[in-house]
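Quick caveat: nothing in here was measured; it's all calculated off a predicted structure. Letters go in sequence order (proteins before strands), and every chain restarts at 1.
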Number of protein chains: 2
Amino acid sequence: MSAIDEPLATPRRRRADAVRNSEAVLEAAKAAFVESGVDVPMREIAARAGVGVGTIYRHYPLRSDLIIAVFRHELDATAAEADRLAAEYPPAEALRLWSQALARFVATKRGFAGALHSGDPAYQPLPSQFLGVLAPKVQRMLDAGAHEGTIRGDIRAEDLIHALSRLADSYPADSGGHTARMSDVLLDGLLMPPTGQA
Amino acid sequence: MSAIDEPLATPRRRRADAVRNSEAVLEAAKAAFVESGVDVPMREIAARAGVGVGTIYRHYPLRSDLIIAVFRHELDATAAEADRLAAEYPPAEALRLWSQALARFVATKRGFAGALHSGDPAYQPLPSQFLGVLAPKVQRMLDAGAHEGTIRGDIRAEDLIHALSRLADSYPADSGGHTARMSDVLLDGLLMPPTGQA
DNA sequence: ACTGTAACGGAACAGGGTTCCGATTGTCGA
DNA sequence: TCGACAATCGGAACCCTGTTCCGTTACAGT
């Protein structure tokens, strides 16, 4: 009766160099993503991290694994922001403010939205992981708005996030506020009553 | 004073094989785009057309040249559709119907919207050529709607087309009508009066 | 027919993703 | 402390694709 605080017999301890390397890769990827976007060559990340490419693939078999790992914190923060805003503002306004947070997230990750919708097998799990974190929070805002009658109720959170992330990626260097304007138009369309005739 | 129906002295006649090949490439590309999307390898197009890759590059130095050439007819038709609808329906309704036409155009061209916004130098002229054909027609619809007070006047045709083409590309196999639904939401947001508070 | 040249084809080069395997090096038991 | 084992490493090698380049081919005009 010594170590039963581990779920089952400890299979083995993770090697120290493995931990070091996996963290070094994470740091290198983070920097590389900022400089060159998420499509940066694997070899460059490997060089920055001072490891071989094989080591990257060992720790992150899919490029999407690396991306999610790098952006995990920010992604969670963006999700948490949804809760914060939902608690402080009426649904429609919370949604509008949150959409700006999402736009900031996407805009600062060159190539992220493209990867999200690319269909490339290396990015295959990305959409579900991304949406898995955000959609529940957004859905709650949508439901609240639908319940009080200020937001139309036939739009799913996942579709909305898809759309917003698409729009946010439309202008590589968006100095004219195009993204913000079109996102606002989309959100106006969500407000009740929908004026459009069938 | 024989042949002055040509702008200036006819420099030379285009070689028959050149004409043949350039058309063969066009046909091959059209088929390949349908089967595999606009990102299909050049070698495959060359093989289908029975020419060498060098021949493709001779006739279409940029991939975007080939894409535009292949879709020229459909693109013009989509532009003409804007005129037709504008003549027959009130601006807001015309715009809604036209957006469906655009969605059809984009949806049937796998990878097209991605190429449109990719930033890849091989696609560099694509956005301006694409928008150059469509934007003037759409702008006229927007202006008409703004003039009669049914459509908000602060949205440029180019931004709208960008947004719609982005949305139309969001779902590779859109069986659930997601694209149509989100496009409708966007268009609802265009209608006056905009309900959203700043 | 003959010639000059436009056009051709595909080898060659460059660059990126992914795999594979011999070499290395922690970890753990003795 | 030491040895053995296996996890891990590194980067060469392979494949696929875009693009260029140039020796060869074959059309157009005389």
Side-chain angles (χ1 to χ4, degrees), chain A residues 2-3 6 9-26 28-29 32-33 35-67 111 114-115 118-126, chain B residues 2-3 6 9-26 28-29 32-33 35-67 111 114-115 118-126:
Chain A
S2 50
E6 295 299 333
T10 53
R12 198 169 285 256
R13 194 160 133 210
R14 210 162 152 231
R15 270 174 56 165
D17 56 343
V19 174
R20 235 191 345 263
N21 280 328
S22 125
E23 274 168 17
V25 168
L26 214 53
F33 287 172
E35 274 183 39
S36 319
V38 302
D39 301 316
V40 65
M42 282 298 204
R43 281 182 240 268
E44 189 181 322
I45 300 176
R48 278 174 185 262
V51 304
V53 282
T55 300
I56 298 188
Y57 280 96
R58 166 172 316 280
H59 293 297
Y60 307 96
L62 264 40
R63 189 179 276 266
S64 65
D65 297 329
L66 189 50
I67 293 178
S118 69
D120 185 322
Y123 297 122
Q124 188 256 314
L126 197 52
Chain B
S2 51
E6 295 298 333
T10 54
R12 199 170 285 256
R13 196 161 131 210
R14 205 159 159 235
R15 272 174 55 166
D17 57 344
V19 175
R20 233 190 350 261
N21 280 328
S22 125
E23 274 169 16
V25 167
L26 214 52
F33 287 172
E35 275 183 36
S36 318
V38 300
D39 300 317
V40 65
M42 282 299 203
R43 278 181 242 270
E44 190 182 321
I45 300 177
R48 277 174 185 262
V51 304
V53 282
T55 300
I56 298 187
Y57 280 96
R58 167 172 317 278
H59 294 295
Y60 307 95
L62 265 40
R63 188 179 277 266
S64 65
D65 298 329
L66 189 50
I67 294 178
S118 68
D120 185 321
Y123 296 122
Q124 187 256 314
L126 197 52

- 5'-most contact on DNA chain C: Met42(A) or Gly54(A), nearest heavy atom basis? Met42(A)
- Task: In whole angstrom, give the distance that lies between atom OH of Tyr123(A) and atom C1' of dT18(C).
- Result: 14 Å
- Item | Distance, rounded to the nearest Å, where Arg20(B) contributes CZ and dT25(D) contributes P | 17 Å
- Task: Rounded to the nearest angstrom, tell me the gap between atom CG in Leu66(B) and atom C1' in dG18(D).
- Result: 14 Å
- Query: Tell me: OH of Tyr57(B) to P of dT17(D), nearest whole Å?
  - Reply: 12 Å
- Message: I need the minimum non-hydrogen distance between Ala32(A) and Arg48(A), along with the two atoms involved.
- Response: CB-NE, 3.7 Å
- Message: Output the rounded distance in Å from CZ (Arg14(A)) to P (dT8(D)).
- Response: 7 Å
- May I have the distance from Ile67(B) (atom CD1) to dG18(D) (atom P), rounded to whole angstrom? 11 Å
- Of Pro61(B) and Gly52(A), the one whose nearest nucleotide on DNA chain D sits closer to the 5' end is Gly52(A)
- Message: Whether Arg58(B) contacts dC8(C) is assessed here as follows: a side-chain N or O lying under 4.0 Å from the phosphate OP1 or OP2. Is that the case?
- Response: yes
- Item | CG-CZ distance between Asn21(B) and Arg58(B), expressed to the nearest 0.5 angstrom | 10.5 Å
- Note on the structure: Out of dT18(C), dT19(D), dC8(C), minimum distance to the side chain of Asp17(B) belongs to dC8(C)
- Query: Under 4.0 Å: is that the gap between some side-chain N or O of Thr55(A) and OP1 or OP2 of dG10(D)?
  - Reply: yes
- Establish whether the base of dA7(D) is bridged to the side chain of Arg15(A) by a donor-acceptor pair shorter than 3.5 Å. yes
- Phosphate contact (dT8(D) OP1 or OP2) by His59(A) side-chain N/O below 4.0 Å: no
- Can you tell me the distance, in whole Å, between the CD1 atom of Ile56(A) and the P atom of dT19(C)? 14 Å
- Just to confirm, is there a sub-4.0 Å distance from OP1 or OP2 of dT8(D) to any side-chain nitrogen or oxygen of Asn21(A)? no
- Query: Where the side chain of Val51(A) is defined as all heavy atoms beyond and including C-beta, which of dG10(D), dA11(C), dG18(D) is the nearest nucleotide?
  - Reply: dG10(D)
- Item | Considering all heavy atoms, the nearest Ala28(A)-Ile45(A) contact | CB-O, 3.7 Å
- Query: Would you say dG18(D) has OP1 or OP2 under 4.0 Å from some side-chain N or O of Arg63(B)?
  - Reply: yes
- Look at the side-chain N and O atoms of Arg13(B) and state whether any lies under 4.0 Å from the OP1 or OP2 oxygen of dG29(D). yes
- So, for Val38(B) and Tyr123(B), which heavy atoms are closest and what is the spacing to 0.1 Å? O-OH, 4.0 Å
- Asp65(B) side chain to Leu62(B) main-chain N or O, any donor-acceptor pair under 3.5 Å? yes
- Separation of dG15(C) C1' from Asp120(B) CG (nearest whole Å): 13 Å
